[in-house]
Amino acid sequence: MAFTAGAGRDDTASVGGGVLLAVGLVVAFFGGWSGWTVAGLVVAVAGALWLTVAPRDE
């Protein structure tokens, strides 16, 4: 089975960024105004940036 370099890269970027965003928001919501809340918000922002900056082959 042959694989092409970069195949499915758009899907991976979208899924990875979406997962970071979702997990970050869940952790921030259940963090209870602690260090976990800040960590969750940082992860959510990283996910949002990943979704906007992810390479797209159009």
Side-chain angles (χ1 to χ4, degrees):
M1 182 181 281
F3 293 100
T4 342
R9 190 172 181 173
D10 291 339
D11 292 339
T12 303
S14 295
V15 170
V19 167
L20 281 177
L21 184 61
V23 168
L25 291 175
V26 168
V27 170
F29 182 76
F30 290 108
W33 295 113
S34 66
W36 287 106
T37 304
V38 174
L41 291 175
V42 168
V43 170
V45 168
L49 284 174
W50 189 339
L51 287 174
T52 58
V53 180
R56 306 233 190 287
D57 296 330
E58 293 181 17

Just do the side-chain contact (heavy atoms from CB on, under 4.5 Å) check on L21 and L51 with the steps written out, would you?
-> CA-CA 9 Å; L21 184 61; L51 287 174; 4.2 Å; yes

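For the atom pair F29 CZ and T37 OG1, the distance stands at 11.0 Å (nearest 0.5 Å).
Of all heavy-atom pairs spanning W50 and L20, the tightest one is CE3-CD1, 3.1 Å. Considering all non-hydrogen atoms of both residues, V27 and G40 come closest at CG1-CA, 3.9 Å.
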